[in-house]
Amino acid sequence: MLGFVARRLALLVPILLGLSVLLFLWVRALPGGPAEALLGERATPEAVARVKKLYGLDRPWYEQYLTWVGNVFRGDLGVSSRTQHPVVEELLRTFPATVELALVAMVFAVGAGVPLGYLAARRHGTWIDHVSVAGSLFGITIPVFFLGYMLKFVFAEKLGLLPTDGRQDPLLDAGHPTGFYVLDGLVTGNMEAFGDALAHLVLPGVALGTIPLAIVVRITRASVLDVLHEDYVRTAEAKGLAPATIRGRHVLRNALLPVVTVVGLQVGLLLGGAVLTETVFAFPGFGKFMADSIVARDYAVLQGFILFTAVIFVLVNLLVDVAYGLIDPRVRVT
Amino acid sequence: MSLAQVETVAPEEAGGSLGRDAWRRLRRNPVAIAGAVLVVLFVAAALLAPWLAPYPPDKPVGQVTPTSIPGPSAEHWFGLDDLGRDEFTRVLWGARWSLVIGVVSLLLGMAGGLLLGLLAGAFGGWVDGVVMRLVDMMLSVPGLLFAIGVAAMLGSGLDAVMIAIAVVNMPVFARLLRGQMLAQRRSDYVLAATAVGVRRRRIVLGHILPNSLTPVIVQGTLTLATAIVDAAGLAFLGLSSNDPSIPEWGRMLADTQRYLSSAPLLAVFPGLAIIVAALGFTLLGESLREALDPKYRR
């Protein structure tokens, strides 16, 4: 098992190195050149010269690259030209919000998706099956920002059931020791803040979780259908095991293997979708910050955030592989 | 996209009968019919927009103020937008832009991906290694973020959006075609062709490639759906053209943000249009896959 993890980790090194080269070249290919791009509208000739010297842009490219990689390893991703704060600071400030949002979306997707997919497979060929297949195809195609608008309009503006935007009611006097607002409410014992933070997560969480939900339903359904026809299920039935035992121990447990992989793959989708969802709900997370940085052409932020996302994505995929290896011993051999 | 990664190998049957078989199954599948109807609707709107649209897409045709935006009426089926332009006309013209962006980005992405996949699949060895590491690298950035990066680098605009979506789709096609070609390379008919002395280039281009294309066609149809949704997403974020006279669905949605409480329907029409287009290609692609691949038939 350790060897398996080590091999997977070793495979990541060239990918991340290559990616760093690409992102480094990306900044150099930006319109107007990196100094101008970093300065944005404040790019006077003197300022450009100063930034070039400051960032060592007058030195050969390989020296520049090594300096940049060195800085990245020391946690220095540059300074946001929009807020004038270090990119790492902005990342640490905004990422907890997105983690909360992504968790709610994932809980929604898996919590509703696995039972629905299972039900559709068990009732294969009935109207329940057809509705869930059609519904999941529809769910995959619905643009997340449009769904966000509709949810916001109906449940927040018309019915007034949930807050329209933000992470927390600004009038609430809530402390934030961890940066995870839901957790903060629990830690500080402020139940009102806890409930409020949770309420702010419902609509964006559902909007963000809909595509993963549709995918989880499909995969669960297909996987359960596959497993139901396996020999070992027939054997279990033949030897007279209770149907509930067969369903739990044999069918569901084996059917969930592909679901684990697919859930891991959704992390990338969630981080991308967060950019759109957080914009719709003015949710001050990583995605909203990134969307604002696009408008402001804040390239240092884009570079740092994209690199960070890629690292997270690659690590989550590694975790999924490892988890898979733990659940299914056959994987480790190959 | 993630569904495509759980692809399986297509059946190896004789060319003619497989095609005829698939066509028969496709015609009998209500899902395929529904998809085809939506696609025809979308493509017709796109092609015939200049003749179908009752008003010019870029000029105000009525009086509006931010607090009173007229809704649907007999003259203006979808009402007016925030600048007093006919919303129905703009949705029709939007289909045109969506189709162009979708098709161009798909073709570019397919061409790039197929080239990479062909290189990797035909040569193997170190070429394969280099190409596939490049593909892994591209897949390690989540699609939409990747597209944002590329579009921002190109300075935004319609062509930036098309190239961005194309680049994001390239690795998917590359991996798909390579997997297909590797599977085909070990098949008996290739062995037979090699044995009778057919040249390598002819085997690759004349035998392996055509037999590997089926899943690429399916993937292409499905990618058209995601390309349309992604293009709308990039436009929503302000990465598409700045020209307000271009009716682009994602941008139309973003522009109506401020009027959500006074004129919510302005967001509904472009949103539904995106869904119609994307759903059409998704349904068609899924049923195509089912018709061509017995593994998906249930």
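Only a predicted model underlies this, so the values are computations on that prediction, with no experimental measurement involved. Any value given below was found using the heavy atoms of this structure, including those in side chains, with hydrogens, waters and symmetry copies removed. Letters go in sequence order (proteins before strands), and every chain restarts at 1.
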Atom [atom1] of [X] and atom [atom2] of [Y]: how far apart are they, to the nearest 0.5 Å?
{"X": "L139(B)", "Y": "N317(A)", "atom1": "CG", "atom2": "CG", "result": "10.0 Å"}
{"X": "M138(B)", "Y": "I15(A)", "atom1": "CE", "atom2": "CD1", "result": "13.0 Å"}
{"X": "Q303(A)", "Y": "M153(B)", "atom1": "CD", "atom2": "CE", "result": "12.5 Å"}
{"X": "L276(A)", "Y": "L144(B)", "atom1": "CG", "atom2": "CG", "result": "5.5 Å"}
{"X": "L279(B)", "Y": "I140(A)", "atom1": "CG", "atom2": "CD1", "result": "10.0 Å"}
{"X": "I306(A)", "Y": "I148(B)", "atom1": "CD1", "atom2": "CD1", "result": "7.0 Å"}

Below 4.5 Å, heavy-atom pairs only: which of [options] has the largest tally toward chain A?
{"options": "L134(B), V31(B), L145(B), V229(B)", "result": "L145(B)"}
{"options": "T256(B), T282(B), V150(B), L253(B)", "result": "L253(B)"}
{"options": "A225(B), A278(B), G149(B)", "result": "G149(B)"}
{"options": "A232(B), A277(B), A151(B)", "result": "A232(B)"}
{"options": "G250(B), P270(B), A267(B), A34(B)", "result": "A267(B)"}

Next on the checklist: Atom CZ of residue position F155(A) - does it have more than 12 heavy atoms of other residues, nucleotides or ligands inside 6.0 Å?
Outcome noted: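 No.
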
Checklist entry - Has F138(A) got more than 12 heavy atoms of other residues, nucleotides or ligands less than 6.0 Å from its CZ? => result no

Checklist entry - Under a 4.5 Å heavy-atom cut-off, does chain B meet the side chain of L302(A), its backbone, both or neither? => result side chain

Checklist entry - What part of L22(A) gets closer than 4.5 Å to chain B, counting heavy atoms only: side chain, backbone, both or neither? => result side chain

Checklist entry - Parallel, tilted or perpendicular for F145(A) and F236(B), by the 30°/60° rule? => result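 Judged by the thresholds at 30° and 60°, the geometry between F145(A) and F236(B) is parallel.
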
Side-chain touch [X]/[Y], heavy atoms, less than 4.5 angstrom:
{"X": "T141(A)", "Y": "F281(B)", "value": "no"}
{"X": "L269(A)", "Y": "P142(B)", "value": "no"}
{"X": "F313(A)", "Y": "V141(B)", "value": "no"}

Next on the checklist: Taking every non-hydrogen pair under 4.5 Å, which of G125(A), P14(A), A134(A), G268(A) racks up the most with chain B?
Outcome noted: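 So the answer, after comparing G125(A), P14(A), A134(A), G268(A), is G268(A).
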
Item to check | Per-residue contact mode, I274(B) against chain A (heavy atom under 4.5 angstrom) | outcome: side chain

